[in-house]
Every structure is written in structure tokens, then in C-alpha cells.
Amino acid sequence: MKNLIILSLLGLVFGSALFGADNSRWIRPADVPVPKDNKITPERVKLGKYLYFDTRLSKNDSVSCATCHSPFTAWADKNDKAIGVYNRQGTRNSPTILNSAYNLRQFWDGRVKTLEQQALGPIQANVEMDMNLTVLIEKLKNIRGYVKLFKSAYGDEGITKDTLAKAIASFERSVVSKGSPFDRFIRGDKTAISKKAQEGFKLFSGKARCNLCHDKFNFTDGSFHNIALGDSDIGRYAMKKRPAWYHAFKTPTLRNIAKSSPYFHDGSVKTLVEATTICANGGRFKNDKKKSLYMIDNHISADEIELIVAFLQTLSEESLDINIPDKFPQ
Amino acid sequence: MRKFVTLFIALSFATLCMAKDVIIDQKDKTFIPTKVTVHVGDNIVFKNSDGFAHNAFSDNKNNEFDIGMQRPGEDISVKMKHVGIVEVECAIHPNMHLKIVVK
């Protein structure tokens, strides 16, 4: 009995160390942020899912939201830069929509705050779905199946630009990380990730300072930085000529990062080793005078990069957990 | 007339003397406090207790400012020139919000 008490006390001590405040920051909050005027309901998520995967939302019925943000490619795609209708190429890499419900700002340059504001952008963008919203609303009103689904989800609000955006946003809010080996590890299963990955996590949160920006459960604090890639995209600076925003882009989530190559806003990096090296060691162009003050050369060795990458690989979701519609409303 | 001018100068001088410094710290990517009430002429002194840079700014008309990159340990002061509500954010960390009520 005495031994049992001692063991329990030891368990409490080590358990507290493992589950302490520092670890709770890595665990996804159960509640997904939802705006007051678009509460999540099963009907809204169901409608949003159809719309998300439906190519009829594009000008020539060839591209859906899922074309560039597919569940099979970590809710992103494998192209350097997004490819839309008529094979038109966009200017930036498709970011994942996984956990986008938690984003403080949407798009690489953070030009809008909410998923509702974001949802209509790519539908209208010339290089993405190139669809006129007035035409699209009329198109949806002529699909009896959608009329029913909108009625069920939004009642008398009808089929409008607003309800279209709200429905897609509702579905996107349902796309959240469900569990990775790292999540099991941080909840106490020490065997869930390798020793190498554990060493990598220490480097990530220590010497390499990755967690200054890739912080909390979604491995991003939503901050904006110029990581000195040397490309011509001015990023957030296009919103306003604020010096801090020159070439600045949103810190992306690292959830599923091993599955979402290529990397960065320009899709210029194919491997996680190279991406990690750039971020941990001061950017691609280390002498860029306008790079973020966060881009410090931490002199992380190739062996250490390997450990960090081993850790990053533990952030991959363990199951796909989605039923993709094979039939659409008619 | 001369009396009025003297009184005006005296009052202006008194106001200047009364202007105070109000400290806003930035720690754990949060403005501390997140809301403050000040008077016209007061200085908001931004401190940075984090181990990394911040960049406070406001786009509110009349009190628009951008203090630029603020390194750890630096103090940067901004005078509140006009009455109104001043919404302040960090250009790096969009989760940081501060509301200044200028009376």
C-alpha cells in the first residue's frame, strides 16, 4: 500500500511536469471559434461540404475549392503555385485549410479576418475559379437540391452571397486536426514518437527558436514575417506600405507539414529539410537587410535539422476522417 | 487682451506640465493592460518585455502612428494628440490589441 502511494505521488509529480502549463499550449482547444451570426449546425456543414467539393462553383465547371485544398494532399495541393480554371497559374502556393478556423487572419497576406470573408475570394479570382457571384447564385437557385439544402441550413435567408460564404466557412470550421503521434506524446504516451523526434522537439522549442512563431497547438501564432526568400512578392505590404509588412507573409501552421510540400508562399522549396534550414538559420538570403528580426542564424547543424524534421513528421494526422461526396445536389 | 494671452500661455504650460506618461508593456504577445484611458497630451510609453520584437501601430485618424520595429528592452513613446478611441495592434502579431480612450 505504501509503495502504491509513493508510486502515485511520483506519477503525480512526473505527470504534472508532462501535463503542465507548457504542455497544454500544444493541445487543441475543444471549441472551434465561431462567429455569432453563423453558428455551426450539421445542416450548414453538410451544405458547405457539397459546395466545397462541387466544381460547378467555377466558371467552366472544372475547379472546386478542393482542387487546391484537397484532403488527399493535406488540405493543400502539390503545385508550387495554385492552378485554377483553364490551367491558369496563381501567384502563391495553396495554404492548407486544416485548422483555418483558428486563424486570426486568412490568406498568406492576412487581408481578411474571417473564413466567411475568405470563402468568396477564390471563387471570383480570375486565376482560381473565375466565377461571377451573381451568375453563381442564379446557378445555385436553379439546382433544386441546393435550394432544399440552403433552406434547411439557413431558413428564409435563401441562397445569397452571404449564405454561400457562411456555408463554405461552416464546412471549413469542421476541418480540424483530430490527432497525430505528437498529440499522443504530449498527452503522456512517451512511446508515441521516437527519441530523435523528442530531441527535435527540444531543439524546436529551444536552440532553434522555431516556437517563437510556430507556437501553440496549431504551430503558428499568426504572425507576419519576411523570411528572406528573395522573391518579388511584396506580401502584406500590398495592404498598406507599413515597413514591417514588406515581403511579410503569415506564419503557416505546421500541422501535416510533412505531407504538404512544396513549402512557403511561393512554393519554392520541395523538402522539409531545406525549409527548416532556411527558417532556423536566418533565411535564404541571410544578408537581406529588410528581413524579419526573427530570422536569426541559429547555426543549427545538419544533424540537428534532421532531428527537427523527425519531430515535424510527428505532426501528421493519423487518419483522413472525411467522406468526400461522390454525388452532388441536382 | 494681454491678460487673456497670459492666461492662455499659463494654461497651456500647465497642461503640458500635467501631461503624464502611461506605460503599456508588451509581454507574452499581449499588451498590458489591454485598455487604458488617458488625456490629450499624455504619452503612451510602449515597453517590450518580450524576448523578441514588436511593432505597435494605430490607423485611427487623428492619432495615427507606427512606432516601427521595437527590439526587446526598448521603450518608445507616442503622444496622444486628439480626443477619441485609439485601436492599437502589433504589425507582427495580429492577436495583440490595445484600446486607448483619449479624453
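A, B, ... follow the sequence lines: proteins, then strands. Residue 1 opens every chain.
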### Task
Name all pairs fulfilling the ring pair (Phe, Tyr, Trp, His ring centres under 6.0 Å) condition that reach into residues 229-256 of chain A, sequence neighbours left out, sorted by first residue then second.
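Pairs touching residues 229-256 of chain A that pass the test: A:Tyr237-A:Tyr246, A:Trp245-B:Phe57, A:Phe249-A:His265.
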Would you say [atom1] of [X] has more than 12 non-hydrogen atoms from neighbouring residues, nucleotides or ligands within 6.0 angstrom?
X        : atom1 : answer
A:Asp37  : CG    : yes
A:Lys241 : NZ    : yes
A:Lys178 : NZ    : yes
A:Lys216 : NZ    : no

#### Entry: Contacts of type salt bridge (charged side-chain N to carboxylate O under 4.0 Å, His left out), residue A:Glu199, not counting sequence neighbours
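Once residues adjacent in sequence are excluded, the partners of A:Glu199 under the salt bridge (charged side-chain N to carboxylate O under 4.0 Å, His left out) criterion are A:Lys202.
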### Message
Can you give me the closest heavy-atom contact between A:Asn211 and B:Lys29, atom names plus distance?
### Response
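Closest pair (atom of A:Asn211, atom of B:Lys29, distance): O-NZ, 4.4 Å.
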### Message
On a heavy-atom basis, which atom in B:Pro94 and which in A:Ser223 lie closest, and how many Å separate them?
### Response
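Looking at all heavy atoms of both residues, the shortest contact is CD-CA, 4.0 Å.
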### Query
With only heavy atoms counted, which part of B:Asn95 is less than 4.5 Å from chain A, the side chain, the backbone, both or neither?
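For B:Asn95, backbone and side chain are both near chain A.
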### Query
Applying a criterion of heavy atom separation less than 4.5 Å, what residues of residues 92-109 of chain A form contacts with chain B?
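From residues 92-109 of chain A, the residues near chain B are A:Leu104, A:Arg105.
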### Query
Between B:Phe52 and A:Tyr294, what is the ring plane arrangement, given parallel below 30°, perpendicular above 60°, and tilted in between?
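Answer is tilted, since the angle falls between 30° and 60°.
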### Query
So what's closer than 4.5 Å to chain B heavy atoms on A:Lys240: side chain, backbone, both or neither?
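Side chain only.
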### Task
Go through the atoms of A:Leu212 and report whether side chain, backbone, both or neither lie under 4.5 Å from a heavy atom of chain B.
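Its backbone and side chain both get close to chain B.
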### Query
If contact means a heavy atom pair closer than 4.5 Å, which residues of residues 31-39 of chain B contact chain A?
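Not one residue of residues 31-39 of chain B has a heavy atom under 4.5 Å from chain A.
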### Query
Between B:Asp59 and A:Arg242, is the closest basic N to carboxylate O distance under 4.0 Å?
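Looking at A:Arg242 and B:Asp59, the cut-off is met.
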